[in-house]
Amino acid sequence: MPPSLLHGLNPEQLAAVTLPHESALILAGAGSGKTRVLTTRIAYLIQSGQSGPSNIFAVTFTNKAAKEMLTRIAAMLPINTRGMWVGTFHGLANRMLRAHHREAGLQALFQILDSADQLGAVKRLLKALNIDAEKYPPKQLQHFINGAKEQGLRAHMIEAFDPYTRRQQELYAAYDEQCQREGVVDFAELLLRCYELLQRDAHLRHHYQERFSHVLVDEFQDTNQLQYLWLKLLAGERAAVFAVGDDDQSIYAFRGARVGNMADFERDFQVRQIIRLEQNYRSHGNILDAANALIHHNQSRLGKNLWTAEGSGEPIRLFEASSDFEEAAFIVDEAKALQREGVLLSNMALLYRSNAQSRILEHALFNAGIPYRVYGGLRFFERQEIKHALAYLRLVANPDDDGAMLRVINFPTRGIGVRSLEQLQEIARQENLSLWRAAQLGRMGGKAGTSISAFIALIDALRETCSSLPLPEQIDHMLEHSGLVAHYKAEKEGAERLENLNELINAAAGFVLEHSADQADASPDMLAAFLTHASLEAGEHQAAAGQEALQLMTVHAAKGLEFHAVFISGLEEGLFPHENAAQERDGLEEERRLMYVAITRARRRLYLSFADSRMLHGQLRYGIASRFLDELPTALLKRLNRAAPSRVAEEPVMPFSPGKRAATEPGSAWHIGQAVTHPKFGPGIIINSEGRGTDARVQVSFSHSGVKWLALEYARLEAA
DNA sequence: TTCCAACTGTTTTTT
DNA sequence: ACAGTTGGAA
C-alpha cells in the first residue's frame, strides 16, 4: 500500500478508512473531511485488493455529490470509474430497473416523471374519475402517495381507518394503474419498484448481494424509510455497510428523512463502534464554539463536539437593524468592506431561511452595484419551453405517454380545444386505450378530427425521421417541425425561450459526447437515455463555485458548502426559527440544526443580523430577536453599532431616499427616487430597475400615466 | 383563443 | 407584496 493514499489523515479518519470488513457508522461533523474519508475508503478497498471496482456500491443524494465522489476516486486511482455503481439513490435504482425492466414489470423505455409531471398526472386522474379537486386537492394526494411510497407502502398495505383516507388509498391505487398503463414512473416509484424487485426475485437479489461486498452511504441522516429498507435488502447478510452522516445536520425531516435510521442501523447491522470525526478543518474556534453551544440545546443527539487546531479567530458580528431595509444596507456595506479587504465576492454567502427574504436583499445589492447570484428557482429542464420540447421527444419514444400527449397535442395551438380533447379522452376511456391509440382510431369527426389525425401523422413522421438522425439533430428537427420554434419566434417575450431551446440542442450534443464512449450510438436508446438524464438531473440548482458574485441562497441550499464570510440574515422569532416549525414534532430542533448548518458554513467571519420590523406578506411586522441568538455565548459575540443616529435622522423619510447608488450601473445617470420626464408620459419618479447595459430597464411611476417599465436604451427619458 | 380581473397561498427541496 | 392560477368575458 503506497502511503500517499492514507497520508495526512488524522487518527479517526484513518481508522474509518481502514476499517475491516464490517458495517460501520461514521459520525462526521461539519467540515471534518467526510467526503475525503468516503472516497479514500473506496480507493483503499480497491487498492488493497479487498474489493474490485465492481464490488462497490456507493450512494449519495445529489448528482453533485455523486459527481464529486467519482472525480475524487478517479484522481486517486488509475481505474475506469464507469463500471462502478456510484450515484444517487434514484440514479442507481434507475440503472437497476433499466437492466431488469422485464422482471420489474416495466417497458424498456419507461419514462421518469418529475414532481411537476406527477402533479399533472394526479390532476388528470382526478378529472378522469370525476373527483372534486376541492375535496381532494391534487397536491395533497401527491403528498399522500409519495409519503406512502417512501415508507415502502403500496396502496393495499395502507391501513385506513376513516373514509377520507380510504378514498385516498383508492386513488393511490388508481394512480399507480394509470402510471403503469402509460409506461411512466415517478421518483419514489423508482426506489419502490427496485426494492420490490429485489424482494420478489431471489435470484436477482442474491446476484447483487453477492456482487456488492461494500455498500457506502453518504448523508445517511437524510435517508428515508424506503431508502433504508432498500439498502438493507441490497446489503444482505454479507456486505459491509459504511454509513457516513451527521445527525446534527439532519434538516430534511420535513420531506421524509428519518434520523432514526442511524439508531436502527446501529442495531440492525451490529455496528460495534461509532467513529466520530470531530476535528474541523474549516472554521475558526469562535465559530465552532458558537455552533457547539447552539446545538447543545437539542435533546435528541448522538453527541459530538467539533474542535479545531486553529485559533479562535474573530468574534462573531451581531447586528440589530431597525428594519429589513436597514439590515440589507448593513450587509451591503459589510460586503463592500470585505471586498476592499481582498475577500472575493464568491467567497461570501448571504443566507436566509426562506426564499421570500431574498428580494429586499437583492434590491439593495443591485442598487449598490454589487454583482450577486441567487441559487434556487427554476432549473433548466423545468422551464416551460423545455418541458414542451421534451414532451414531443417523449411522445416519439413512447406514444402511450398521455401526459406528454396532452401537453403538446395543442401546443402550439392546432385547433384541438378542450372540447375535442374531452371527447378523445372519453373514447380512450371507453376502449381502454391510451390517448394516442384512441386518436389512431380516427373516430373523431369534424375539424378537430382532421387536426388530431394531422398531429398523429406529425409525431409518426418525427419518429420516422429521427430514427436515422443523431440526437442533437433529432431535437433540432423536432423543434422546427413541431412548430415550437415558429411559435416562440412569434411571441414577443420568446427570445429567451428560443435561446433555451437552442441550449437544449447543445445539452444533447454534450450528453452524446459524454456517453457515446460506453454506448453504441443507437439513436432510440440515446434519446431514452437523454430523457432519463433530463428527469433525473434537472440542471444545476445547488451552488457551484460561482462566478465573481456574492452568493445568495437559503440555508438548506448552503448545506455542504463553505465560505470565507457568511451572513445569516433575518434571525427573528417566527422567521428563523420559522413559526410553522413550532407545530411540528421536533420542529424546533430541526430549525436549530438548520441554524447549526448555517453557522458551520463560515470559515473565518460570521455575521448574524435581525431586524425589528420587516415587510411580510404585504404587512409590516414587528419581530424580536431569534432565540437562537440567546443560545450563543455572549463572549463570542461582538455587537455592532447601528449607523450614527444623526445620519439616520437626516435621511428624509421617503420610501426610496435620493442619493442611493445608481439604479443601473455605477456611474449611471439614473437612480431610484429620481424625478424624470418622458416625452409621452410626462413627469414621474423612478421606483425600480433591473438589468444592466443595453438590457437595463427602469420602472417609472408617472404622475398622470401610471406605473410603467421602460427600456433605458429606447425610452427618451430626461432628468427633471 | 386570448385576455384580464379576481383569487390564493406564500418554509425548507432532491430526485 | 407578489407571483401564480383560475374563471369568465370578449
Side-chain angles (χ1 to χ4, degrees), chain A residues 59-66 87-95 112-119 123 133-134 137-139 143 146 149-150 185-192 194 218-219 222-224 226-227 250-257 324 351-360 363 375-379 381-382 384 410-420 491 532-542 553-560 570 574-584 587 590-591 593-595 597-598 614-621 655 688:
Chain A
V59 62
T60 65
F61 277 86
T62 66
N63 290 299
K64 196 180 163 205
T88 63
F89 277 97
H90 296 85
L92 294 174
N94 173 63
R95 184 167 169 182
I112 298 167
L113 301 183
D114 68 17
S115 313
D117 297 332
Q118 186 189 30
L119 185 60
K123 283 183 181 163
E134 304 272 274
K139 282 228 176 77
H143 186 254
N146 289 336
K149 287 189 179 184
E150 278 164 12
V185 161
D186 61 54
F187 285 139
E189 182 74 19
L190 280 172
L191 283 158
L192 184 52
C194 203
D218 190 16
E219 304 278 17
D222 288 338
T223 52
N224 62 35
L226 176 57
Q227 286 159 341
S250 160
I251 55 174
Y252 286 113
F254 74 91
R255 66 170 198 217
D324 46 356
L351 310 182
Y352 33 82
R353 174 67 239 264
S354 65
N355 285 304
Q357 289 166 249
S358 78
R359 186 188 316 262
I360 188 154
H363 201 272
Y375 292 89
L378 255 201
R379 289 138 48 137
F381 285 107
E382 290 169 357
Q384 182 216 100
N410 200 35
F411 191 96
T413 50
R414 337 183 137 79
I416 307 173
V418 274
R419 210 54 244 297
S420 326
E491 201 171 70
T532 298
H533 166 82
S535 326
L536 245 33
E537 214 169 320
E540 204 51 66
H541 202 130
Q542 251 208 322
M553 66 195 87
T554 63
V555 180
H556 283 91
K559 190 175 168 206
L575 244 197
F576 197 179
H578 197 277
E579 52 197 343
N580 295 0
Q583 277 92 62
E584 284 152 42
E590 177 143 322
E591 293 288 306
R593 289 192 292 267
L594 199 51
M595 180 66 183
V597 167
R614 152 181 325 269
M615 283 303 263
L616 209 61
H617 306 325
Q619 275 180 323
L620 193 64
R621 293 249 304 239
N688 204 349

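To find a chain, count down the sequence lines: A is the first, B the second, and so on, and within it residues start at 1.
- When all heavy atoms are compared, the tightest approach of A:N355 to A:T554 is OD1-CG2, 3.2 Å.
- Ring-plane geometry between A:Y252 and A:H556 is classed as tilted, the angle between the planes lying from 30 to 60 degrees on a 0 to 90 degree scale.
- Rounded to whole angstrom, the span from the OH atom of A:Y352 across to the P atom of B:dT11 amounts to 15 Å.
- At least one side-chain heavy atom of A:E219 sits under 4.5 Å from a side-chain heavy atom of A:K559.
- Comment: A:R255 does not engage A:E150 in a salt bridge, judged by the lack of any side-chain N to carboxylate O separation of less than 4.0 angstrom.
- Residues A:T88 and A:L536 form no side-chain contact, since every pair of their non-hydrogen atoms from C-beta on lies 4.5 Å or further apart.
- Note: CD1 (A:I251) to C1' (B:dT12) measures 8 Å, nearest angstrom.
- A salt bridge links A:D186 with A:K149: at least one charged nitrogen is closer than 4.0 Å to a carboxylate oxygen.
- When the C1' atom is used for both B:dT11 and C:dT6, the distance is 25 Å, rounded to whole Å.
- Rounding to whole angstrom units, CE of residue A:M595 and C1' of B:dT12 are separated by 16 Å.
- Note: CD (A:E537) to P (B:dT14) measures 13 Å, nearest angstrom.
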Checklist entry - Which nucleotides of nucleotides 4-10 of chain C have their base under 4.0 Å from a protein heavy atom (B), which only their sugar-phosphate (S), and which neither (-), written as one string 5' to 3'? => result -------
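- Looking at heavy atoms from C-beta onward, A:F89 lies out of side-chain contact with A:L190 at the 4.5 angstrom threshold.
- Taking every side-chain heavy atom of A:R359 into account, C:dC2 is the closest of B:dT11, B:dT1, C:dC2.
- For C:dG4 and B:dT13, the P atoms lie 16 Å apart once the distance is rounded to whole Å.
- Along DNA chain B, the nucleotide nearest to A:A356 and the one nearest to A:N63 differ in position, and the one closer to the 5' end is contacted by A:A356.
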Can you pull every protein N or O that's under 3.5 Å from an N or O on nucleotides 2-5 of chain B?
none

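- We find that CG of A:N355 is positioned 11 Å from P of B:dT11, with the value rounded to whole Å.
- The neighbour count for A:R621 CZ, taken as heavy atoms of other residues, nucleotides or ligands under 6.0 Å away, does not exceed 12.
- Closest to the side chain of A:H617, from the set B:dT10, B:dT13, B:dT15, is B:dT10.
- Among the protein residues, A:N410 comes within range of the sugar-phosphate backbone only, with heavy atoms under 4.0 Å from sugar or phosphate atoms but none that close to a base.
- Rounded to an integer number of Å, the gap from A:L378 CG to B:dT14 P is 12 Å.
- More than 12 heavy atoms of other shown residues, nucleotides or ligands fall within 6.0 angstrom of atom CD in A:Q583.
- Taking 4.0 angstrom as the limit, A:R379 places a side-chain polar atom (N or O) nearer than this to OP1 or OP2 of B:dT14.
- Rounded to whole Å, the C1' atom of B:dT14 lies 24 Å from the corresponding atom of C:dA3.
- No contact: A:Q583 has no heavy atom under 4.0 Å from any strand.
- The A:T88 side chain lies nearest to B:dT15 when the options are B:dT15, C:dA1, B:dT12.
- Taking the side chain as every heavy atom from C-beta outward, A:F187 and A:S115 approach each other to under 4.5 Å.
- Atom CD of A:Q118 is separated from atom CD of A:E189 by 9.5 Å, given to the nearest 0.5 angstrom.
- Neither OP1 nor OP2 of B:dT11 sits under 4.0 Å from any side-chain N or O of A:R255.
- Ranked by how close their nearest DNA chain B nucleotide is to the 5' end, A:H578 and A:S535 are led by A:H578.
- Atom CZ of A:F254 and atom C1' of B:dT12 are 4 Å apart (whole Å).
- Spacing between atom OH of A:Y252 and atom P of B:dT15 amounts to 10 Å, rounded to whole angstrom units.
- No N or O donor and acceptor, one from the side chain of A:T554 and one from the base of B:dT13, sit under 3.5 Å apart.
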